[in-house]
Amino acid sequence: QVQLVESGGGLVQAGGSLRLSCAASGRTVSTYVKAWFRQAPGKEREFVAAISWSGGSTSYADSVKGRFTISRDNAKNTLYLQMNSLKPEDTAVYYCAARYSVVTTLPEYDYWGQGTQVTVSS
């Protein structure tokens with residue numbers, strides 16, 4: 001079983017930065033593909049970024065490319081999302097997810113965290 005716990009969300013002004021963290025526990029969790037998704041009120045959950053188990057391959061949604069950076073520290077079993085140049089449209093609940101398979105932008109992940117709220121004011 002894998003457990004994921006996000007932290008680092010909060011309220012920030014447009015143009016500001018936040019770093020989200022996702023602490024993972026469970027056997028072999030360091031070998032899992034990890035990803036970030038987000039869901040705004042009244043909208044479907046959408047892909048943000050994903051990273052391979054080694055960290056050598058990453059994928060980003062077009063809406064965040066160049067502003068967000070996904071990374072992982074397997075020694076600490078922690079996933080990160082550095083978010084810069086934040087916009088009001090980035091406001092959402094951010095979820096980390098994990099799966100023991102290849103990277104995908106679809107919400108076909110086996111394990112999910114409880115989410116952390118990110119609010120960007122204009």
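Numbering of residues begins at 1 and proceeds along the displayed sequence. Any value given below was found using the heavy atoms of this structure, including those in side chains, with hydrogens, waters and symmetry copies removed.
Remark: the backbone N or O of G115 is paired with a side-chain donor or acceptor of E6 at under 3.5 angstrom. At distances below 3.5 Å, not a single donor-acceptor pair connects side-chain atoms of W112 with backbone N or O atoms of L4. Judged by distance alone, the side chain of R72 and the main-chain N or O of V33 form no donor-acceptor pair under 3.5 Å.
Pairs passing the side-chain hydrogen bond (donor to acceptor under 3.5 Å, both in side chains) check and including a residue from residues 90-111, sequence neighbours excluded, read R38-D90, R38-Y94, R67-D90.
More than 12 heavy-atom neighbours from other residues, nucleotides or ligands sit within 6.0 angstrom of CD on E89.
Atoms CG and OH, on N74 and Y32 in that order, are 13.0 Å from each other to the nearest 0.5 Å. A distance of 12.5 Å separates CZ in F47 from CH2 in W36, rounded to the nearest 0.5 Å. K34 contributes atom NZ, which lies 11.0 Å from atom OG of S71 (distance to the nearest 0.5 angstrom). Taking OG1 from T69 and CE from M83, the interatomic distance works out to 11.0 Å, rounded to the nearest 0.5 Å. In this structure, the separation between OG on S85 and CZ on F68 is 9.0 Å, given to the nearest 0.5 Å. Here OG of S7 is found 8.0 Å from CG of L20. Values are rounded to the nearest 0.5 Å.
In the hydrophobic clustering of this structure, Y80 does not group with I51; members are Ile, Leu, Val, Met, Phe, Trp, Tyr whose side-chain heavy atoms approach within less than 4.5 Å, directly or through other members. Hydrophobic cluster membership is shared by I70 and L18, with clusters built from Ile, Leu, Val, Met, Phe, Trp and Tyr side chains linked at under 4.5 angstrom. Both Y60 and V120 are part of a single hydrophobic cluster, where members link through side-chain heavy atoms under 4.5 Å apart. Note: the hydrophobic cluster containing F37 also contains V103 (ILVMFWY, side chain heavy atoms under 4.5 Å, direct or indirect links). Hydrophobic clustering of Ile, Leu, Val, Met, Phe, Trp and Tyr side chains at less than 4.5 Å, counting indirect connections, keeps W53 apart from L79.
Smallest separation of non-hydrogen atoms from S122 and A14: CA-CB, 4.4 Å. Looking at every heavy atom in both residues, A92 comes nearest to A40 through CB-N, 3.8 Å.
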